[in-house]
Amino acid sequence: MSDEYDIVTAKEDDKERIAEFLRKYFFFESPLNVASGASPNRPTDEIVGLKYLSQGVSLLAVSKDDGRILGICISYCTTPKGNSHEESFTKSLSNKPYAKIRRFVRFVEDNANIWKLTGADRGLYIYILSVDPSSRVRGIGKALSKRTREMARSMGYPIMWAMCSNVYSIRICRDIGMDAVYMLPYSEYKDEEGKPIFNVPHPHTECVVFVQKLKSHL
């Protein structure tokens with residue numbers, strides 16, 4: 001445990017604090033958000049990740065000094081059958097940039113096909129990993145990911161997986177030993193005219209899906 005922060009379970013009572021953190025850091029910097037022109041100021045009820053807090057598998061890194069959120073790891077249980085929150089959320093989207101991002105995410109998930117690859121019947125999915133930029137050199141993202149893996153293993157999940165859209169989360173997944181199983185350069189995701197759909201800012205060049213098997217029989 002760090003002398004500077006605690007890692008605690010995110011609760012539904014933390015929803016507004018987490019939403020503000022995501023607007024200020026995650027959505028503001030997300031390569032797909034920036035490239036699509038989506039506003040970082042998403043209404044709380046349109047942040048689908050907050051719906052997963054009830055599962056009790058999301059974590060916060062909280063400053064011991066002032067209680068400020070330094071990092072967030074929102075996770076949830078996934079299965080080959082898909083997720084009702086994601087399905088209903090995607091269908092309800094009227095905001096074109098958000099819908100464009102969701103189509104991309106679905107494309108990547110479908111092509112990665114981790115269920116066929118691993119044979120798992122469920123997995124813990126790291127949905128959002130975000131760290132306050134001023135705290136990134138402190139290893140918070142890596143600590144949150146490792147703690148999530150410990151939790152997933154203790155709860156009997158056969159796999160942990162993540163879809164990473166920026167170089168920072170890609171680096172963290174590699175550093176903790178996850179396996180890259182699918183990669184899509186943003187330049188290769190094109191519209192009907194053959195033009196890239198997202199003009200993603202440097203240094204982000206690709207989206208990568210990572211998986212880690214947590215049970216030896218898989």
Side-chain angles (χ1 to χ4, degrees), residues 18-52 58 69 71-76 78 82-83 85-114 125-136 140-141 144-145 161-175 178 180-211:
I18 294 172
E20 185 57 33
F21 181 97
L22 295 176
R23 285 190 281 263
K24 187 175 181 181
Y25 301 119
F26 181 74
F27 294 128
F28 183 77
E29 290 190 327
S30 165
L32 292 173
N33 218 61
V34 173
S36 67
S39 170
N41 297 315
R42 298 191 184 189
T44 299
D45 61 1
E46 290 191 20
I47 303 177
V48 69
L50 299 178
K51 301 180 186 302
Y52 303 124
S58 297
I69 295 176
I72 289 173
C73 186
I74 296 178
S75 305
Y76 66 88
T78 54
N83 183 280
H85 283 317
E86 289 289 325
E87 293 288 346
S88 60
F89 177 71
T90 300
K91 290 177 181 178
S92 69
L93 281 176
S94 58
N95 184 293
K96 289 183 178 180
Y98 297 170
K100 185 187 295 186
I101 293 171
R102 283 305 313 158
R103 285 194 295 271
F104 175 82
V105 170
R106 177 58 58 82
F107 179 87
V108 172
E109 290 176 347
D110 288 348
N111 281 275
N113 199 354
I114 64 161
Y125 178 44
I126 295 180
Y127 183 67
I128 291 177
L129 178 64
S130 182
V131 176
D132 180 332
S134 66
S135 300
R136 282 183 183 151
I140 291 173
L144 285 167
S145 300
W161 66 291
M163 191 195 84
C164 301
S165 62
N166 66 73
V167 296
Y168 308 115
S169 55
I170 289 172
R171 188 178 302 145
I172 288 170
C173 286
R174 285 182 174 146
D175 285 350
M178 297 184 73
V181 298
Y182 178 79
M183 182 269 290
L184 177 64
Y186 291 118
S187 61
E188 294 183 10
Y189 183 68
K190 301 177 180 180
D191 61 20
E192 294 178 354
E193 297 178 352
K195 298 178 181 178
I197 293 175
F198 295 110
N199 182 20
V200 178
H202 182 80
H204 315 289
T205 60
E206 61 192 13
C207 181
V208 183
V209 175
F210 288 90
V211 173

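Between the OG atom in Ser134 and the CG atom in Asp132 there is a gap of 3.5 Å [rounded to 0.5 Å]. One distance of note links OG of Ser39 with CD of Glu46; it measures 10.0 Å at 0.5 Å rounding. How far CZ of Arg103 is from CZ of Phe107: 13.0 Å, rounded to the nearest 0.5 Å. Between the CD atom in Glu109 and the SG atom in Cys207 there is a gap of 9.0 Å [rounded to 0.5 Å].
Looking at Ser58, its side chain does come within 3.5 Å of a backbone N or O of Ser75 through a donor-acceptor pair. Listed for the His204 side chain is a donor-acceptor partner under 3.5 Å among the backbone atoms of Val167.
Counting heavy atoms from C-beta on, the side chains of Arg23 and Thr44 come closer than 4.5 Å. Counting heavy atoms from C-beta outward, Asn33 and Ile101 have side chains that approach closer than 4.5 Å. In this structure, the side chains of Leu50 and Ile18 come closer than 4.5 Å at one or more pairs of heavy atoms. The shortest side-chain heavy-atom distance between Ile72 and Ile69 falls under the 4.5 Å cut-off. Within the 4.5 Å cutoff, side-chain heavy atoms of Val105 are placed close to those of Met163. For the pair Asp175/Ile172, no side-chain contact is recorded, criterion being any heavy-atom separation below 4.5 Å from C-beta on. Between Phe210 and Val181 the shortest side-chain heavy-atom distance does not fall below 4.5 Å. Put simply, the side chain of Glu206 reaches to within 4.5 Å of the side chain of Ile170, judged on heavy atoms.
Residues passing the ring-ring contact (aromatic ring centres under 6.0 Å, His included) test with Tyr125, sequence neighbours excluded: Tyr76, Trp161. For the side chain to side chain contact (heavy atoms under 4.5 Å, CB included) test, residues two or more places apart in sequence or in another chain that qualify with Glu29 are Pro133, Arg136. By the side chain to side chain contact (heavy atoms under 4.5 Å, CB included) test, Pro196 is found to be paired with no residue, residues two or more places apart in sequence or in another chain being considered. Applying the side chain to side chain contact (heavy atoms under 4.5 Å, CB included) test to Asn199 and every residue at least two apart in sequence or in another chain returns nothing. Every residue meeting the ring-ring contact (aromatic ring centres under 6.0 Å, His included) condition with Phe104, not counting sequence neighbours, appears here in chain and number order: Tyr186, Tyr189, Phe198. Listed by chain and residue number, Lys195 satisfy the salt bridge (charged side-chain N to carboxylate O under 4.0 Å, His left out) test with Glu193 (two or more places apart in sequence, or in another chain). Judged as a ring-ring contact (aromatic ring centres under 6.0 Å, His included), and not counting sequence neighbours, the contacts of Tyr25 are Phe21. Under the rule for a side chain to side chain contact (heavy atoms under 4.5 Å, CB included), Thr205 has no partner lying at least two apart in sequence or in another chain. For Ser36, there are no side chain to side chain donor-acceptor pair (under 3.5 Å) partners two or more places apart in sequence or in a different chain.
In plain terms, the two heavy atoms of Pro31 and Ser165 that are nearest each other are CG-O, 3.3 Å. The shortest heavy-atom contact between Gly71 and Leu144 is C-CD1, 3.7 Å.
Judged by the 6.0 Å and 45° rule, Arg42 forms a cation-pi pair with Tyr98.
Atom OH of Tyr168 sits in a sparse spot, with 12 or fewer heavy atoms from other residues, nucleotides or ligands closer than 6.0 Å.
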Query - Audit row: Ile74, Leu22, side-chain contact (heavy atoms from CB on, under 4.5 Å) steps and yes/no - result: CA-CA 11 Å; Ile74 296 178; Leu22 295 176; 4.3 Å; yes
Query - Chi angles and distances behind the side-chain contact (heavy atoms from CB on, under 4.5 Å) call for Tyr182, Val211 - result: CA-CA 9 Å; Tyr182 178 79; Val211 173; over 6 Å; no
Query - Working for side-chain contact (heavy atoms from CB on, under 4.5 Å), residues Ile197 and Lys100 - result: CA-CA 9 Å; Ile197 293 175; Lys100 185 187 295 186; 3.7 Å; yes
Report task. Could you walk me through whether Ser30 and Asn166 pass the side-chain contact (heavy atoms from CB on, under 4.5 Å) test, one step at a time? Result -> CA-CA 7 Å; Ser30 165; Asn166 66 73; over 6 Å; no
